[in-house]
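Step one of this worksheet: look at the structure below.
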There are 2 protein chains.
Amino acid sequence: MHQTIIDTLKRNQLSITDSRKKILELFLHAKGALAHFDIEHQSGAEFDRVTIYRTLQTFVEKGIIHTIPTADNSIRYALCKDDCANGHHHDDHVHFMCDSCGTTYCLDHVTVPQVSLPNGFTVTQTDVIMSGKCMKCV
Amino acid sequence: MHQTIIDTLKRNQLSITDSRKKILELFLHAKGALAHFDIEHQSGAEFDRVTIYRTLQTFVEKGIIHTIPTADNSIRYALCKDDCANGHHHDDHVHFMCDSCGTTYCLDHVTVPQVSLPNGFTVTQTDVIMSGKCMKCV
DNA sequence: TATATTTTGCAACGCTGTTGCATTGTATTA
DNA sequence: TAATACAATGCAACAGCGTTGCAAAATATA
């Protein structure tokens with residue numbers, strides 16, 4: 001597991017630092033998506049807020065994680081699948097946010113249906129955000 | 001037009017105030033969705049920020065406007081269609097945000113496709129947010 | 001018009017996210 | 001391994017969004 005983390009960082013030409021290792025580890029153990037808030041608390045106040053923001057930015061740029069728009073106006077991040085690095089728009093899965101426990105899931109195996117738009121509109125990205133109760137909170 | 005505004009407020013049992021009239025008017029003239037920022041500027045610094053926030057909240061509660069989650073983490077609001085007041089989850093249309101001009105459209109006539117979820121998940125709301133170029137920016 | 005009720009504006013606050021800069025840590029080369 | 005170049009971190013400060021409490025002003029009611 002620990003080797004996976006270092007490999008991932010190296011593969012993306014990132015230098016190995018404590019914060020990057022720790023934050024990547026949090027994502028690997030997380031069941032759903034994480035917000036900055038979650039990381040700040042789960043990392044035990046070990047790193048500066050700014051470092052966390054910058055690490056998240058770096059991970060997004062490298063395609064290690066991706067952002068999820070949410071209705072509650074807070075950016076959430078989730079791990080990308082292995083081979084989704086460059087040029088990938090993440091058009092391919094649905095996000096689900098539980099109203100009860102707040103957990104955000106990436107439903108990787110549910111594909112986003114095609115939506116036909118009026119003439120003149122060109123689509124580069126489609127996000128589907130569903131909310132309701134997850135399997136644990138029914 | 002002015003009468004429409006007052007009617008709408010009365011129909012929703014809201015007292016007629018300057019800010020409510022002005023903000024509702026802005027929505028009626030707006031082509032797309034509005035963010036708090038837009039309203040604050042378009043109303044010409046006439047009202048306090050707090051008043052705008054509270055007015056928007058009130059309008060959302062009454063079902064006059066609805067919120068749109070966006071990828072850039074800023075809440076946007078758009079007018080609801082006439083009869084979409086209570087209990088309506090706004091499952092029925094797609095939102096489109098133009099990467100060039102930033103305009104957010106409610107595509108009322110494009111219906112949200114059904115997405116089947118894994119067992120145990122219950123859906124109460126589905127938001128589809130598409131981005132790309134709108135008809136004016138192609 | 002007088003009274004009760006809402007709404008507004010102000011001040012203050014907390015949270016999110018960003019930037020600049022000095023310091024520290026990591027990678028690289030000999 | 002040590003010296004150097006480079007990148008990441010922490011700190012301080014800042015801007016923006018959104019909320020709350022309370023007194024003043026506006027609206028509705030009778």
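Proteins come first, then strands; the chains are lettered A, B, ... in the order of their sequence lines, and each starts at number 1.
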Ring-ring centroid check A:Phe59 A:Tyr77, cutoff 6.0 Å: no
Rounded distance in Å - CG (B:Asp48) to P (C:dC10): 6 Å
Check: B:Arg49 side chain, C:dG9 base, donor-acceptor under 3.5 Å: no
Short side-chain donor-acceptor distance under 3.5 Å, B:Arg54 and B:Ser19: no
Qualifying residues under side chain to side chain donor-acceptor pair (under 3.5 Å), relative to B:Lys22, sequence neighbours excluded: none
B:Phe37: side-chain contact (heavy atoms from CB on, under 4.5 Å) partners, not counting sequence neighbours: B:His41
Side chain to side chain contact (heavy atoms under 4.5 Å, CB included), paired with A:Leu24, selected from A:Leu79, A:Thr55, A:Ile65, A:Ile6: A:Leu79
Protein-nucleotide distance (B:Ile75, atom CD1; C:dT16, atom P), rounded to Å: 14 Å
Selection: residues 34-41 of chain B, any non-hydrogen atom under 4.0 Å of DNA chain C: none
Rounded distance (Å) that lies between atom C1' of D:dT9 and atom CG of A:Leu56: 15 Å
Footprint string (nucleotides 20-30 of chain D, 5' to 3'): B base within contact, S backbone only, - free, heavy atoms under 4.0 Å: BB-----SS--
Those residues that, when tested against B:Thr103, pass side chain to side chain donor-acceptor pair (under 3.5 Å) (two or more places apart): none
Interatomic distance, A:Leu9 CG vs D:dA7 C1' [rounded to whole Å]: 14 Å
Sugar-phosphate only, base, or nothing, as touched by B:Ser19 at under 4.0 Å among non-hydrogen atoms: sugar-phosphate
Length of the line joining B:Gln13:CD and C:dT5:P, which is rounded to integer Å: 17 Å
For atom NZ of B:Lys21 and atom P of C:dT8, their distance in whole Å: 12 Å
B:Thr122: partners by side chain to side chain donor-acceptor pair (under 3.5 Å), with sequence neighbours left out: none
Gap between atom NE2 of B:His36 and atom CG of B:Leu56 - 0.5 Å precision: 6.5 Å
d(CD1, A:Ile52; P, C:dC15) in whole Å: 15 Å
Interatomic distance, B:Phe59 CZ vs C:dT7 C1' [rounded to whole Å]: 12 Å
Residues A:Met97, A:Tyr105; criterion side-chain contact (heavy atoms from CB on, under 4.5 Å); working and verdict: CA-CA 6 Å; A:Met97 190 168 171; A:Tyr105 299 87; over 6 Å; no
A:Tyr53 side chain near C:dT18 phosphate (N/O to OP1/OP2, under 4.0 Å): no
